[in-house]
Amino acid sequence: MRLLVSDLTHRYDDLTVLDGIDLTLAEGEILAVIGPSGCGKSTLLGIAGGIVAPSSGSIRVEGEVPDGCLNPITFIFQDFALLPWRSVEDNVGLVLEHHPLSAAERRERIDSGLRRMGLWEFRQALPKQLSGGMRQRVGIARALAVRPAMLLLDEPLSALDAQTRELLMDDFLELWRREKTTALYVTHNLDEALRLADRVCVLSRRPGRIRELVTIEEPRERRQEPSAQAHLAEVRDRLWHLMKAEAQMADREIARA
Amino acid sequence: MTLARLTRRAVIATAGAAFAAGIPMSAALAQPLEKATVGVLALSSSGPIFIAKAKGYFEKEGLDVELKMFTSAQQVPVAVTSGDADFGVTGLTAGFYNLASKGAVTIIAAQSRDEPSFPLSAYLATNAAFDAGLKTPADLKGKRIAITTVGSTFHYMIGLLAQKHGFTVKDVTMVPLQDVPKMVAAFKGGQVDAIIAPSTVSRQLVADGAGKMLGWVGDETPWQLGALFTAPKTMKDRRPLVEKFVRAYKTALAEYHAAFNGKDAAGNLVKGPGYDELLGIIADATKQKPDIVAAGLPYVDPQARLLVDDIVNQVKFWQSEGQVDKALDPKSVMDLSIAGQ
Amino acid sequence: MPDSLNPTAVSTASSLGQPVRFRGGGFTVKRHPWAALAAFAVLIALWEGASRLGLASPLFLPPPSAVGHALVGMVTDGSLWLNLKASLGRIAVGWVLGTAGGMLVGFAMGIFSTARAVGVPLVSAFFPIPKIALLPLFILWFGIGEPSKFATIGFGVFFPTVIATYSAIDQVPRNLIRMAQSFGLPWRSILRSIVLPGALPGILAGFRITASIALILVVAAEMIGAEYGIGAFVLMAGNLMQTDTLLAGVLVLSLLGLAIGTVLSQLERRLLNWR
């Protein structure tokens with residue numbers, strides 16, 4: 001599924017957060033969006049997912065959806081958004097409840113997601129009994145249960161510690177190795193963008209405009225290898241340079257305000 | 001300076017009163033006024049106390065009496081028990097006798113009573129109950145009657161009626177509603193067949209067409225409604241105070257009786273000496289219009305004599321209802337040695 | 001064996017240095033299950049002693065033994081059960097009616113902004129009215145039988161339930177609702193699966209308050225034409241100045257409150273085990 005964003009502008013009252021965004025996501029492409037706090041990254045994601053109405057401009061999707069897809073555009077949240085009163089399997093089951101599925105298929109969708117994310121033995125557990133990483137895995141299993149065509153990831157690893165982040169990045173790589181799901185991945189962490197994305201979109205400070213779109217040439221599965229490091233370091237320098245300037249200026253504006 | 005002026009004013013007041021009553025001045029002048037408090041309800045049944053206070057009969061006895069106003073008959077003996085008041089005048093309830101049985105209060109003289117041809121409390125039937133055959137007080141057997149509370153004067157009035165007509169309180173359904181406004185609400189709403197209500201309320205209900213009057217309690221079952229009481233401890237330790245208080249009270253009582261309770265040969269009420277003045281005093285104290293007060297002035301005995309047999313009957317009635325300790329000797333609730341009966 | 005593991009070496013080392021003094025005591029909550037009971041026992045013993053020694057008049061402060069005697073009397077003549085049954089029935093019906101109505105209105109106000117705009121000023125206007133002041137009206141509207149007693153308790157319970165319910169709905173995390181919307185859950189499912197369970201802690205906390213209100217109001221409700229009931233019993237004892245019986249009735253009321261509180265705690269523990 002492709003995503004086509006054209007001349008998108010969004011304002012909250014008289015505060016412009018996004019200004020004239022033009023962006024195209026190719027089928028199966030993973031685009032990381034980085035930028036300073038308050039630049040409208042999450043708003044862009046909300047608009048793409050249809051839970052924030054844009055002030056002007058258009059946002060469209062095109063292309064095929066996979067077999068058995070129940071919710072083509074699906075979110076993964078920073079705070080996991082799990083129902084604390086439901087067990088792991090019932091949290092995954094929640095998003096299937098309103099679809100007319102056979103009991104067997106419902107079970108299969110829940111179980112396969114839980115197994116893939118290593119949650120099988122915790123299926124009866126309540127969210128409060130799980131670590132942060134495990135909770136996000138429930139969030140991923142829930143997203144997988146609806147067989148999405150496009151994932152919208154809103155800083156999915158920001159609430160986790162560094163080691164857990166590494167483990168979950170591996171999980172994401174594995175996911176995208178098996179399914180060619182288009183993804184918009186919002187983060188403020190350069191390492192995540194460099195590990196996971198095909199392209200990186202740098203947004204300016206508010207009002208958010210596209211500063212630059214940087215393509216990472218190295219294929220994802222080879223980025224851990226020594227031969228890839230020179231290129232990644234170069235991309236990293238460039239992204240950091242762009243981000244640093246924006247972040248500093250955003251900081252000063254906040255201080256002044 | 002202040003003391004001198006106070007004394008002078010007291011001298012003038014007592015001198016005037018003493019002159020009027022023909023009592024030698026020297027006795028009243030001998031000592032400063034002794035303080036005492038009396039708990040009363042703002043009802044015309046407390047009239048003699050208001051008169052004694054307003055006309056200076058307490059001062060003449062060397063007493064500076066403060067009136068403490070209460071809103072329900074239950075509160076007055078409690079105030080005497082707790083020492084907030086030295087004396088009390090109010091209707092007699094089961095609660096009073098329970099306090100008396102614990103040695104907290106004792107009756108020392110009579111207050112008002114329900115007496116034939118003195119309209120104090122009336123039996124009223126709702127129009128529906130009246131049409132269905134509730135025409136006389138005797139017909140109240142088997143009916144639903146609103147009362148304030150279990151153990152109240154209303155409860156006893158039903159008991160008296162039952163004694164007279166050969167049934168018991170078990171034969172009526174008493175509906176306790178706490179106060180007269182709620183009784184009136186239940187009566188108007190047809191929730192009960194009948195109520196016993198004070199004269200002003202009764203007349204208003206009949207005037208509004210809300211019900212029919214079946215008769216007056218005083219005509220049907222005369223009884224000792226209220227009494228003057230104090231703590232037995234006061235009686236023992238401050239007997240001279242009680243003697244002075246009762247003397248002033250009896251003076252006012254006699255004056256009240258002469259003004260309001262007189263009748264001609266045909267049995268009609270006749271205005272006695274000082275009628276308008278005394279009515280003004282009571283109207284003032286109860287914050288009521290004089291004509292409303294005049295319509296519901298109860299009977300008092302001019303010598304403060306108590307219906308002793310009725311008091312005994314009251315105690316026995318409450319004992320039979322299980323609301324007063326069976327061990328209480330009815331005679332022990334009163335000490336009439338000072339009132340002289 | 002290395003030196004550091006040699007006990008003598010360790011003890012020599014520690015005797016050279018200064019031991020670190022523990023300074024982290026206090027300011028923690030410890031459980032003393034017997035302290036409350038002991039305090040109660042001491043209090044009751046003091047009270048009884050004061051009465052026995054004649055320091056307190058039995059009329060002003062009946063000794064615990066007299067209160068206990070009155071209580072035993074209530075149990076043996078069956079009046080306790082008769083009064084308790086009447087009051088419990090009134091509390092149950094009144095509370096259920098008030099709670100059902102309050103939750104319905106509270107949910108409407110929590111979900112629809114129009115209902116809230118209309119409801120908040122109305123609730124603010126009616127909530128502070130003392131229900132006891134309305135008793136004469138309730139007699140006219142509902143009579144002096146059970147309905148007016150249900151109404152007194154029900155009205156008292158209704159408004160706090162409305163407030164607890166819509167505040168509880170405000171407390172439901174918005175991110176969960178956004179999540180459900182992003183997965184395309186229909187409105188009814190969001191209400192049933194997210195808003196209702198999410199508001200449950202707040203609603204149960206409201207129950208705690210309304211249960212106490214119901215207990216307070218049963219006494220007021222039984223002012224009107226009640227033959228039996230703990231409230232009627234306490235009122236009658238008060239009117240008759242039977243202070244020992246009065247305290248026995250009050251004791252029954254507070255034990256009832258304790259029992260209801262315990263039941264609600266159990267309910268919370270079961271329904272809110274996810275917290």
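Note that the coordinates shown come from a computational prediction; the quantities given were computed from them, not determined experimentally. Below, all heavy atoms of this structure are taken into account, side chains as well, without hydrogens, waters or symmetry copies. Numbers restart at 1 for each chain; the letters A, B, ... are given by sequence-line order, proteins then strands.
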Chemist: Answer yes or no: are there more than 12 heavy-atom neighbours, outside C/Phe126 itself, under 6.0 Å from its atom CZ?
Modeler: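 Open.
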Chemist: For atom CZ of C/Arg52, decide whether the heavy atoms of other residues, nucleotides or ligands shown that lie under 6.0 angstrom number more than 12.
Modeler: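 Count not over threshold, so no.
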Chemist: About how many Å separate OG of C/Ser148 and CD of B/Gln191, when rounded to the nearest 0.5 Å?
Modeler: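 Answer rounded to 0.5 Å: 8.0 Å.
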Chemist: Take atom NZ of B/Lys236 as the centre, draw a 6.0 Å sphere, and report whether it contains more than 12 heavy atoms from other residues, nucleotides or ligands.
Modeler: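 Open: at most 12 neighbouring heavy atoms sit under 6.0 Å from NZ of B/Lys236.
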Chemist: Check each atom of C/Ala226 against the heavy atoms of chain B and say whether the ones under 4.5 Å are side chain, backbone, both or neither.
Modeler: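 For C/Ala226, the contact with chain B is made by the backbone alone.
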Chemist: Using 0.5 Å steps for rounding, measure from the CG atom of B/Asn98 to the OG1 atom of C/Thr243.
Modeler: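 It is 9.0 Å, given to the nearest 0.5 Å.
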Chemist: Can you tell which of C/Asn239, C/Leu137, C/Leu235 has the highest number of heavy-atom pairs within less than 4.5 Å of chain B?
Modeler: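 Winner by heavy-atom pair count: C/Asn239.
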Chemist: So what's closer than 4.5 Å to chain C heavy atoms on B/Gln74: side chain, backbone, both or neither?
Modeler: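 The answer is the side chain of B/Gln74.
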Chemist: To the nearest 0.5 Å, how far apart are CE in C/Met241 and OG1 in B/Thr93?
Modeler: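 Result: 9.5 Å between the selected atoms.
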Chemist: Checking heavy atoms, do the side chain of B/Lys182, its backbone, both or neither come under 4.5 Å from chain C?
Modeler: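 Backbone plus side chain of B/Lys182, per the 4.5 Å heavy-atom cut-off to chain C.
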Chemist: Taking all heavy atoms of B/Ala186 and all of C/Ile144, pick out the closest pair and write down the distance.
Modeler: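 Shortest heavy-atom contact: CB-CG2, 4.0 Å.
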Chemist: Where on B/Val184 is there a heavy atom nearer than 4.5 Å to chain C: the side chain, the backbone, both, or neither?
Modeler: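 Neither part; nothing is under 4.5 Å.
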Chemist: Take atom CD of B/Gln163 as the centre, draw a 6.0 Å sphere, and report whether it contains more than 12 heavy atoms from other residues, nucleotides or ligands.
Modeler: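 Enclosed: over 12 neighbouring heavy atoms sit under 6.0 Å from CD of B/Gln163.
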Chemist: Are there over 12 heavy-atom neighbours, none belonging to B/Lys188, within less than 6.0 Å of that residue's NZ?
Modeler: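 Atom NZ in B/Lys188 is not packed in, count stays at 12 or less.
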Chemist: Between B/Thr173 and chain C, with a heavy-atom cut-off of 4.5 Å, which part of the residue counts as in contact: side chain, backbone, both or neither?
Modeler: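 No part of B/Thr173 comes within 4.5 Å of chain C.
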Chemist: Which answer fits B/Ala104, side chain, backbone, both or neither, if we ask what part of it has an atom under 4.5 Å from a heavy atom of chain C?
Modeler: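 For B/Ala104, the contact with chain C is made by the side chain alone.
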Chemist: I need the minimum non-hydrogen distance between C/Leu240 and B/Gly151, along with the two atoms involved.
Modeler: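 Minimum heavy-atom separation between C/Leu240 and B/Gly151: CD2-CA, 3.8 Å.
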Chemist: In terms of heavy-atom proximity below 4.5 Å to chain C, should B/Ser152 be classed as side chain, backbone, both, or neither?
Modeler: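 For B/Ser152, there is no contact with chain C at all, as no heavy atom is under 4.5 Å.
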Chemist: Measure distances from C/Met236 to the heavy atoms of chain B and classify the residue's part below 4.5 Å as side chain, backbone, both or neither.
Modeler: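 Side chain only.
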